[in-house]
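This report refers to the structure that appears directly beneath it.
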Amino acid sequence: MKLLKSVSLFVIASLLLGSCKSNSEKNEETASVETSSLASEKGLKDYYADYFPIGVAVSPRSLEGESAELIRAEFNSLTAENVMKMGVIHPEMDRFNWGPADAIANFAKENNLKLRGHNLVWHQQAGPWIFTTEDGKTVGKEELYQRMKAHIDSVVGRYKGTIYAWDVVNEAISDKPDEFLRKSEWLDIAGEEFIMKAFEYAHEADPDAKLYYNDYNAIIPEKRDRIYKLLKMLIDNDVPIDGVGIQGHWSIFSPTETELREAMDLYASLGLDIQITELDVSLYQWEKERRELRQGESDEFTPELEAQQKEKYDMFFRVFRDYKDQLTGVTFWNVSDRYSWLDHYPVEGRKNYPLLFDEDYKRKSAYDAVAHFEDTNETEKQ
Ligand code: XIL
């Protein structure tokens, strides 16, 4: 990073120039310059200190080198992109893979970052063992609940006191407008009740953790209303739920400001906390199914696209700031355009540029729109 380079150049220069000074004098001077220039550079988390934490989804590898520096400078919350999902952290009934998840938890602790847990119950990336008996048959409902409870107890229990919020159930609502819950092994074996059980077990495992239901396309009116129905059902049944996670896999095309505000109002009317849990702003229209790159399909990040993306980011954060009383966090899904899961989904090998930092970890123009806003709180105070 430029900043680090200039700091180290300064350190070298001051060591050379200051050769006539005493050692302690030199150290003091270098140390104070180093901290003051680093501290004077504000990051996203600082611009939003009066609003909500700014998080980022990470892999253990992104916690090294320049990427780690960027994370420390800009963010104050982390989510594990993959390594806390059941299939990774609990690959077999009697085997846990704590190493990668612990690496993220330790980095969060060392750097004083908040940590979200993602996720406990999902139809994807679940260890296949959970649905199958030793002789290859589908487990029964009671057995599935026992296994689910054992999983939740172990994972939530291990990070108790470190993870402050969990995505307990992920993406349970169907993509089909005429279907309420998505078809899944959870639903097939256990029925609708699996959602409530997951929240109950998570609450038992850590009564202090904030518990979230998390989903995508949560702004699209039709799906939004089915998510609302589920949330209302959970609340009416006294299920221990604290919030709704709006994933925020959006694009330069959608959602509109009106759609976003309407959804925020609707979710807020339930008295739940809201988080944007997986924000990125794709350059392409949303598609669910994977497909091949089409011939002649361009993935160039043109100045026009950059301007459109900046405008969209500007609007999203303007709305977020207006909802700061309900919004308890905004998390980006990946660190920079050097790597995004959208480079592989839905079209393998079609480059996307959905984040606020470019492939060299430099701030994009959308960053300025997000960071440099007029603070209406300040204006009100004056
Ligand atoms: C994605 C990861 O980013 C990919 O690396 C992985 O291959 C698939 O999952 N909704 C979610 C996230 O809740 O867990 C998904 O993460 C993206 C969509």
Side-chain angles (χ1 to χ4, degrees), residues 55-68 70-71 75 78-89 91 97 100-101 103-104 116-119 122-128 167 170-171 175 182 184 214-220 223 245-255 276-302 305-306 308-309 312-313 316 330-362 364 366:
V56 61
V58 296
S59 65
R61 259 207 303 174
S62 55
L63 304 178
E64 291 162 15
E66 269 189 275
S67 162
L70 180 80
I71 291 167
F75 300 96
L78 296 182
T79 303
E81 182 185 7
N82 284 301
V83 301
M84 290 187 187
K85 292 171 183 171
M86 186 190 285
V88 183
I89 205 168
N97 174 28
I104 293 176
R116 301 190 81 257
H118 178 79
N119 57 53
W122 190 23
H123 64 287
Q124 280 180 19
Q125 291 178 274
D167 292 328
N170 200 31
E171 305 180 350
D175 283 320
R182 167 193 306 283
S184 74
N214 192 49
D215 214 330
Y216 63 93
N217 284 353
I219 305 300
I220 295 177
K223 187 164 172 187
I246 295 171
Q247 289 188 1
H249 294 298
W250 296 335
S251 77
I252 57 171
F253 305 102
S254 74
I276 310 296
T277 52
E278 309 185 11
L279 184 61
D280 42 26
V281 179
S282 166
L283 305 183
Y284 313 104
Q285 295 278 6
W286 191 80
E287 286 175 89
K288 172 73 188 150
E289 301 308 325
R290 290 183 176 275
R291 65 165 174 84
E292 306 261 300
L293 188 71
R294 292 196 188 103
Q295 248 203 339
E297 192 176 350
S298 165
D299 61 1
E300 196 192 335
F301 189 38
T302 62
L305 289 170
E306 189 177 348
Q308 282 172 271
Q309 189 183 51
K312 218 65 186 172
Y313 261 118
F316 292 153
V330 173
T331 293
F332 289 86
W333 206 248
N334 299 127
V335 181
S336 79
D337 290 348
R338 183 172 290 207
Y339 160 74
S340 155
W341 75 298
L342 297 173
D343 298 338
H344 305 282
Y345 175 83
V347 180
E348 178 60 56
R350 181 184 64 179
K351 183 71 190 142
N352 212 328
Y353 302 83
L355 299 158
L356 293 185
F357 302 93
D358 70 13
E359 290 168 283
D360 294 320
Y361 298 124
K362 295 213 179 66
K364 291 161 63 179

Legend entry - Exercise: do Gln124 and Asn170 side chains pair donor with acceptor under 3.5 Å: no
Inset, instruction - Classify the angle between the aromatic ring planes of Phe75 and Phe357 as parallel (below 30°), tilted (30 to 60°) or perpendicular (above 60°). - result: perpendicular
Inset, instruction - Could you list the residues that satisfy side-chain contact (heavy atoms from CB on, under 4.5 Å) with Asp280, not counting sequence neighbours? - result: His249, Trp333, Trp341, Leu342, Pro354, Leu355
Legend entry - Minimum heavy-atom distance between Glu300 and Leu305, given as atom pair plus value: O-CD1, 3.3 Å
Inset, instruction - Using the test side-chain contact (heavy atoms from CB on, under 4.5 Å), find all partners of Arg294 that sit at least two apart in sequence or belong to another chain. - result: Glu287, Arg291, Glu297
Inset, instruction - In sequence, state the C-alpha distance, the side-chain angles, and the governing distance for Glu81 and Tyr339, and then conclude on side chain to side chain contact (heavy atoms under 4.5 Å, CB included). - result: CA-CA 12 Å; Glu81 182 185 7; Tyr339 160 74; 3.2 Å; yes
Legend entry - From Thr302 atom OG1 to Gln309 atom CD, the distance as rounded to the nearest 0.5 Å: 10.5 Å
Inset, instruction - Measure the spacing between CG of Asn334 and OG1 of Thr79 and express it to the nearest 0.5 Å. - result: 11.0 Å
Legend entry - Heavy-atom side-chain contact between Met86 and Trp122 under 4.5 Å: no
Legend entry - Nearest-0.5 Å distance that lies between atom OH in Tyr353 and atom CG in Leu283: 8.5 Å
Legend entry - Pairwise distance CD1(Ile219) to OG(Ser254) - rounded to 0.5 angstrom: 9.5 Å
Inset, instruction - Have a look at Trp250 and tell me which of Phe332, Phe316, Tyr313 forms a ring-ring contact (aromatic ring centres under 6.0 Å, His included) with it. - result: Phe316
Legend entry - By side-chain contact (heavy atoms from CB on, under 4.5 Å) - contacts of Asp175 (at least two apart): Arg182, Tyr216, Lys223, Lys288
Legend entry - Side-chain donor or acceptor of Lys312 paired with backbone N/O of Pro255 under 3.5 Å: yes
Inset, instruction - Using modelled atom types only, decide if a donor and an acceptor are shared between the side chain of Arg290 and the backbone of His344 within a distance under 3.5 Å. - result: yes
Inset, instruction - With Lys351 as reference, evaluate Asp358, Asp337, Asp343 under the salt bridge (Lys or Arg N to Asp or Glu O under 4.0 Å) test and give the passing residue. - result: Asp343
Inset, instruction - With rounding to the nearest 0.5 Å, note down the distance linking NE2 in His118 to CG in Asn82. - result: 7.5 Å
Inset, instruction - Sort out for me which residue in Glu306, Gln308, Gln285 forms a side-chain contact (heavy atoms from CB on, under 4.5 Å) with Ile252. - result: Gln308
Inset, instruction - Please test Glu359 against Phe301 for side chain to side chain contact (heavy atoms under 4.5 Å, CB included), starting from the C-alpha separation and ending with a verdict. - result: CA-CA 12 Å; Glu359 290 168 283; Phe301 189 38; over 6 Å; no
Inset, instruction - Please report the closest heavy-atom contact between Gly117 and Met84, naming both atoms and the distance. - result: CA-SD, 4.5 Å
Legend entry - Among Ser340, Ser282, Ser251, the one residue meeting side chain to side chain donor-acceptor pair (under 3.5 Å) with Asn352: Ser282
Legend entry - Distance-minimising heavy-atom pair for Val347 and Glu292: CG1-C, 3.8 Å
Inset, instruction - Measure the CD-CD distance between Glu66 and Glu64 for me, rounded to the nearest 0.5 Å. - result: 12.5 Å
Legend entry - Smallest separation among heavy atoms of Thr331 and Ala57, with atom names: CG2-N, 4.1 Å
Legend entry - Heavy-atom pair of closest approach, residues Ser62 and Ser67: O-OG, 2.6 Å
Inset, instruction - Looking only at non-hydrogen atoms, find the nearest pair between Ala80 and Ile104 and report the distance. - result: CB-CD1, 3.8 Å
Legend entry - Thr277 versus Asn214, side-chain donor and acceptor atoms under 3.5 Å: yes
